[in-house]
Structures are given as structure tokens and as C-alpha cells.
Amino acid sequence: VFPIRPMLEETIVSLGQALPEGIELCLHIQGEVGSLRGSREQLKQVLGNLISNSRKAVPPEGGRIQVQASPWRATALESARVDLEEGTQCVRIQISDNGRGIPFQDQDRVFDPFFTTHEVGQGVGLGLSVAHGITRSHGGDISLESEPARGTTVTLVFPSIPSEQEGALGSQVEGPVPEETRILVVDDETAIVRLVSQTLSKQGYEVTHFPTPQEALASFMDHPHDVDLLLTDLSMPQMRGDELGMEIRKERPGFPILIMTGFGGFLDLATLAKGGPTTIHPKPFSADSLLQAVRGVLRDAEAKKPSLG
């Protein structure tokens, strides 16, 4: 059993580093996606195959590959194709691209391992047969929608294990907060700022909060070494949270960032992660899950500090 979120984040970062500059790879995880039972490496292979095939299909400049993950309930159609009861708790992972697409007459045969025409190879490609086999061996469903000249979406649905153990995991990482751990909180929703600030302050963190990225950035630039973590909303007027994080990293390379989001847009996690420890945390969230995420990104930042020895 392995958690889905870190597997996705690790895979997207790794694959994103190998893509040409003209192709954008984005990840968006919405909600608690839980864990999967099976082989982590095989699931990474499925994603690798699908993203590799999308890379071949998209234009070299302006190419866009989007990976989305969210909680899902198995539909009647999915339960008819695989051994899943309708309504089973699942995770749905979709890989979409703006590539050349697949001709309609070929779409019923794309999962056939012997169907290797040049057109399909340049669209979604031979990796689909491997992805199909691995997905089915994990009790999951795989389907495809494509429109010539518009792009392709491959949908994976796997039975998931809910993150009920989150509280136990949170207790494992409980410990004293390092002295003067300072967090910059940014969100244009007053209620969220108040909740987050109170939650962190009760645990001993020193919190400074702002309702706009512009105010937060101005404060940071005045005292760039007085903050240890940026905790920001993603979607805000005039400047997004990831853009704020990149501006801060111009002054403090490698600065840790935790982004809260309930937004249905896309986030270029691969680019962000190249610049330093980065975690995405979905809204809505519990106090325990927020604290776990904060501790996790701070641990990552500490581990990546250069050794003085």
C-alpha cells in the first residue's frame, strides 16, 4: 500500500525535468486521494508511458500535458468493465494533452498490443497496451477519449484506500517545533487566514499573515531572512500563490513553499519543485492534515540544507 499524492508529485517532477522547454507538464490534485494497493513502480510506469506518448503528440512549442487526480466513485460503466462495484471509493487520474489526437476509426483498437500503426504511435502510442495491462492487474479501469486535432484524455480509475490513518500519521510526526519557526501565511479569504493562523500559533509557530500576495511580498522583501516557510493560497487576484513563491525564491533560492488550493486550475509543480521543497495541500482541510503538511515541507527543507561538516 502506498499513498497516491507523493507518488504523483514525484513522478511529475521527474518526468517534467526531461521535457523540452516548450512543453508544459501540470499537476492538479483535488481532495484527499488516499492510497493504492499494488506496485508503486508499476503505477509510475503507467504514468510514464502515458506522458511519454502525450509528449510525442503535442506540438514542440505550446504543448500542454495536464495530470489531474481526484476522489471518485465507480460508475456503472466502469463496474461493468472491471471487477468494481458501482459506488466503490476510487481515485480517478486523468492525463490530457493538446496533441494531434487519434482518428475516430482507430480509437476502439488503441489498447490492442498488436495495433501499432504509425498514426497511433504518434498519438497516444504503444505504451497504452502496457498501461492497460498494469491498470487491469491493479483492479482498475482505463479509458480514452480523443478528438483529432484537439487532443486526447486517458482516464485511469483505481479502487483506493481512504486516508483514515491520517490522524495516526499526524501523531507520528508530532514533536517540538524548532525555535522561532516563522511562517508567512497568504490568503484572500479572511476566514481561512484566521483558521490557519490560529492552528499554527497553537502549535508554537510564529505566524505573519497578509490578505494579498503584493503585501506579503513587500513585507518579505523588507526582511527576507525573517521567514522560514511560505503558506499561500493558489488562486488570488492579480498574483497567484505559485507566482508569489517564485518571486520569493528569487531572493531566497530553495525557499520552502506550501500551497493551499481548492481551485480547479492547473499548477506547474515540476517547475516549482525544481526550485526547492514544494507541497500542495487541498482545501478544505483539517487542522491535523495542515500541520502534517507543514511539518513535512519543513523537514524536506531541513534535509536539503547544505552540510556544514
Side-chain angles (χ1 to χ4, degrees), residues 1-15 25-55 57 65-97 99 101-102 106-116 120 123-146 151-166 264 266 269 280 282:
V1 176
F2 61 91
I4 299 166
R5 176 181 291 272
M7 182 274 292
L8 288 172
E9 293 177 344
E10 176 185 320
T11 303
I12 297 307
V13 169
S14 174
L15 295 176
L25 176 60
C26 301
L27 173 67
H28 178 58
I29 303 176
Q30 185 171 16
E32 295 291 343
V33 290
S35 299
L36 287 181
R37 190 181 304 278
S39 168
R40 189 176 189 270
E41 292 307 311
Q42 286 188 349
L43 268 296
K44 289 175 66 176
Q45 181 183 355
V46 169
L47 293 171
N49 284 356
L50 298 178
I51 291 171
S52 174
N53 287 320
S54 287
R55 172 185 176 176
I65 306 169
Q66 304 168 347
V67 180
Q68 302 177 79
S70 60
W72 186 252
R73 294 284 181 179
T75 64
L77 179 59
E78 291 155 356
S79 64
R81 287 197 293 246
V82 294
D83 187 19
L84 279 176
E85 290 188 12
E86 184 177 356
T88 297
Q89 179 66 53
C90 296
V91 58
R92 183 177 70 170
I93 303 171
Q94 293 184 301
I95 300 90
S96 303
D97 64 56
I102 301 172
D106 292 335
Q107 292 180 21
D108 289 340
R109 297 184 289 163
V110 292
F111 296 118
D112 185 341
F114 301 104
F115 186 65
T116 59
V120 174
V124 174
L126 301 177
L128 271 178
S129 62
V130 175
H132 180 273
I134 293 175
T135 300
R136 288 297 175 87
S137 72
H138 283 72
D141 181 59
I142 182 169
S143 59
L144 175 145
E145 295 181 14
S146 187
T152 298
T153 296
V154 177
T155 299
L156 307 169
V157 175
F158 296 99
S160 62
I161 301 171
S163 303
E164 296 173 351
Q165 63 271 42
E166 187 176 280
F266 296 96
L269 180 62
I280 314 301

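The CD1 atom of I51 lies 7.5 Å from the OG1 atom of T11; values are rounded to the nearest 0.5 Å. Note that the CG atom of L77 and the OG atom of S143 stand 7.5 Å from one another [nearest 0.5 Å]. A distance of 11.5 Å separates NE2 in H138 from CG in L156, rounded to the nearest 0.5 Å. Note that CD of Q89 is 11.5 Å distant from CG of L84, once rounded to the nearest 0.5 Å. The CG atom of L36 sits 3.5 Å away from atom CD1 of I4, with the distance rounded to the nearest 0.5 Å. Taking CD of Q68 as the start and CD of Q30 as the end, the distance is 8.5 Å to the nearest 0.5 Å.
Remark: R136 pairs with D141 by the salt bridge (charged side-chain N to carboxylate O under 4.0 Å, His left out) rule, at least two apart or across chains. Applying the side-chain hydrogen bond (donor to acceptor under 3.5 Å, both in side chains) rule to T155 yields the partners Q94; only residues at least two apart in sequence or on another chain are considered. In this structure, the side-chain contact (heavy atoms from CB on, under 4.5 Å) partners of E85, at least two apart in sequence or on a different chain, are T88. Partners of E86 under the side-chain hydrogen bond (donor to acceptor under 3.5 Å, both in side chains) rule, at least two apart in sequence or in another chain, do not exist in this structure. With sequence neighbours left out, the side-chain hydrogen bond (donor to acceptor under 3.5 Å, both in side chains) criterion links T75 to E78. By the side-chain hydrogen bond (donor to acceptor under 3.5 Å, both in side chains) test, S96 pairs with T153, sequence neighbours left out. Here S14 pairs with nothing under the side-chain contact (heavy atoms from CB on, under 4.5 Å) rule; sequence neighbours left out. Residues meeting the side-chain contact (heavy atoms from CB on, under 4.5 Å) test with E145, sequence neighbours left out: none. Take P3 and apply the side-chain contact (heavy atoms from CB on, under 4.5 Å) test, not counting sequence neighbours, and it matches P6, S35.
Using a distance-only test at 3.5 Å, with no hydrogens or angles considered, no donor-acceptor pair links the side chain of D106 to the main chain of I102. With T135 contributing its side chain and I142 its backbone, the two residues share no donor-acceptor pair below 3.5 Å. Between the H28 side chain and the V67 main chain, no donor and acceptor come within less than 3.5 Å of each other. Checked by atom type and distance alone, the side chain of S52 never pairs as donor or acceptor with a backbone atom of N49 at under 3.5 Å.
When side chains are defined from C-beta on, R55 does not count as touching L15, because their heavy atoms never get closer than 4.5 Å.
Annotation for A69 and L8: closest pair CB-CD1, 3.6 Å, computed over non-hydrogen atoms. Minimum heavy-atom separation, G139 to P159: O-CD, 3.4 Å. For the residue pair F2 and S39, the shortest heavy atom distance occurs at CE2-C, 3.8 Å. Considering all non-hydrogen atoms of both residues, G101 and S146 come closest at CA-OG, 3.3 Å. The two atoms that bring A131 and V46 nearest to each other are CB-CG1, 3.9 Å, heavy atoms only.
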TODO: Evaluate side-chain contact (heavy atoms from CB on, under 4.5 Å) for L43 paired with L47, printing each intermediate quantity in order.
DONE: CA-CA 6 Å; L43 268 296; L47 293 171; 5.9 Å; no
- [ ] Kindly indicate, with the supporting measurements, whether the criterion side-chain contact (heavy atoms from CB on, under 4.5 Å) is fulfilled by I95 and Q66.
- [x] CA-CA 6 Å; I95 300 90; Q66 304 168 347; over 6 Å; no
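A salt bridge is defined here as a Lys NZ or Arg NE, NH1 or NH2 lying under 4.0 Å from an Asp or Glu carboxylate O, and R40 with E10 meets this definition.
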